[in-house]
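As structure tokens, the structure follows; a few thoughts come after it.
On a predicted model such as this, the values are computed, not experimentally measured, just so you know.
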Amino acid sequence: MTVSRMRLRFTRSMEITGPIFGVSPKSSWVEVDDDLLRVKMGVLARADIPRSHIKDARPMEWSWWAGLGVRWYGPRRWGLIGSTQGVVELTLDPPTRMRMVLPVRAKRLAISVEDPDRLLELLGFGDRVGTPPV
């Protein structure tokens with residue numbers, strides 16, 4: 001079983017202000033193996049998502065006004081956003097339990113990653129590589 005890890009993408013301002021809230025690029029990452037996607041954003045958020053729950057993954061536009069950090073963006077929709085660039089949205093079925101400061105069940109999870117194309121390929125959605133964000 002091979003484990004691939006990549007860091008979450010952070011803007012310079014998040015690199016500076018994030019540690020105030022226990023979030024830094026070194027403590028924020030996504031890991032993919034054959035059975036599980038693990039994601040962590042410092043001390044604020046973490047999730048272990050079975051790969052079988054990931055029904056879709058695609059690039060996503062994230063507006064600056066939606067903010068950075070652990071974000072709620074609709075019913076059962078959560079984001080771990082360190083940058084408005086490189087955001088991938090996962091569709092989860094069934095809704096999956098994770099900790100976003102408090103325990104939640106999410107149907108969608110947006111993650112800003114340093115290499116969104118690689119994440120899409122690792123998850124089996126390589127046909128989405130290079131497509132414009134929705």
query: Looking only at heavy atoms, which two atoms of Met100 and Ala45 are closest? And how far apart?
result: SD-CB, 3.7 Å
query: Is NZ or CZ of Arg7 both nearer than 6.0 Å to the six-membered ring centre of Trp29 and within 45° of the ring axis?
result: no
- request: Quick one: do Val3 and Val32 satisfy side chain to side chain contact (heavy atoms under 4.5 Å, CB included)? Show the steps, please.
  value: CA-CA 6 Å; Val3 177; Val32 180; over 6 Å; no
- line: Between the CD1 atom in Ile81 and the OG1 atom in Thr11, the distance rounded to the nearest 0.5 Å is 11.5 Å
task: Determine, for Arg58 against Glu89, whether the closest basic-nitrogen to carboxylate-oxygen distance falls under 4.0 angstrom.
output: no
query: Side chain of Trp72, backbone of Gly74: donor and acceptor closer than 3.5 Å?
result: yes
message: If we ignore hydrogens and angles and just use 3.5 Å, is the side chain of Lys26 paired with the main-chain N or O of Val23 as donor and acceptor?
response: no
query: Picking from Arg38, Arg99, Arg97, what satisfies side-chain hydrogen bond (donor to acceptor under 3.5 Å, both in side chains) with Asp48?
result: Arg38
- prompt: Short question: side chain of Ser28, backbone of Ser24 - any donor-acceptor pair under 3.5 Å?
  reply: yes
Salt bridge present between Glu15 and Arg12 (N-O < 4.0 angstrom): yes
message: Would you compute the distance between atom CE of Met41 and atom CZ of Phe10 and round it to the nearest 0.5 angstrom?
response: 4.0 Å
field: Minimum-distance pair of heavy atoms, taken over all atoms of Met98 and Ala47
entry: CB-CB, 3.4 Å
statement: CG (Leu37) and CD1 (Ile54) are apart, to the nearest 0.5 Å, by 4.5 Å
message: Using a 3.5 Å distance criterion without hydrogens, assess whether the side chain of Arg9 forms a donor-acceptor pair with backbone atoms of Glu114.
response: yes
message: For Met60 versus Ala110, what's the shortest heavy-atom pair and its separation?
response: SD-CB, 3.9 Å
message: To the nearest 0.5 Å, what is the distance between CH2 on Trp62 and OG1 on Thr84?
response: 10.5 Å
query: Would you say Leu8 and Ile20 are hydrophobically clustered, going by side-chain heavy atoms of ILVMFWY under 4.5 Å?
result: yes
field: Side chain Ser83, main chain Gln85, donor-acceptor under 3.5 Å
entry: yes
query: Any Lys/Arg nitrogen of Asp56 or Arg128 sitting under 4.0 Å from an Asp/Glu carboxylate oxygen of the other?
result: yes
- prompt: Is there a side-chain contact between Leu36 and Ile49, using heavy atoms and a 4.5 Å cut-off?
  reply: no
task: Check whether any side-chain heavy atom of Asp34 sits under 4.5 Å from a side-chain heavy atom of Thr2, and report yes or no.
output: no
- prompt: Does a side-chain heavy-atom distance below 4.5 Å link Val88 with Leu120?
  reply: yes
- request: Kindly check if the number of other-residue, nucleotide or ligand heavy atoms within 6.0 Å of CZ (Arg46) is above 12?
  value: no
message: If you count heavy atoms of other groups shown closer than 6.0 angstrom to OH of Tyr73, is the number above 12?
response: yes
query: Between CZ of Arg77 and CG of Leu92, what distance do you get to the nearest 0.5 Å?
result: 11.0 Å
task: Test Asp93 against Lys107 for side chain to side chain contact (heavy atoms under 4.5 Å, CB included), laying out the working first.
output: CA-CA 6 Å; Asp93 188 25; Lys107 290 175 88 174; over 6 Å; no
task: Kindly give the heavy-atom pair with the smallest separation between Met14 and Leu68, and that separation in Å.
output: CG-CD1, 3.4 Å
- request: Please round to the nearest 0.5 Å and tell me the distance separating atom NZ of Lys40 and atom OG of Ser27.
  value: 5.0 Å
- line: For Leu122 and Met6 the tightest heavy-atom approach is CD1-CE, 3.8 Å
message: Please give me the minimum heavy-atom distance between Thr96 and Pro50, naming the atom from each residue.
response: CG2-CD, 4.3 Å
query: Out of Val113, Leu119, Asp117, which residue meets the side-chain contact (heavy atoms from CB on, under 4.5 Å) rule with Asp115?
result: Asp117
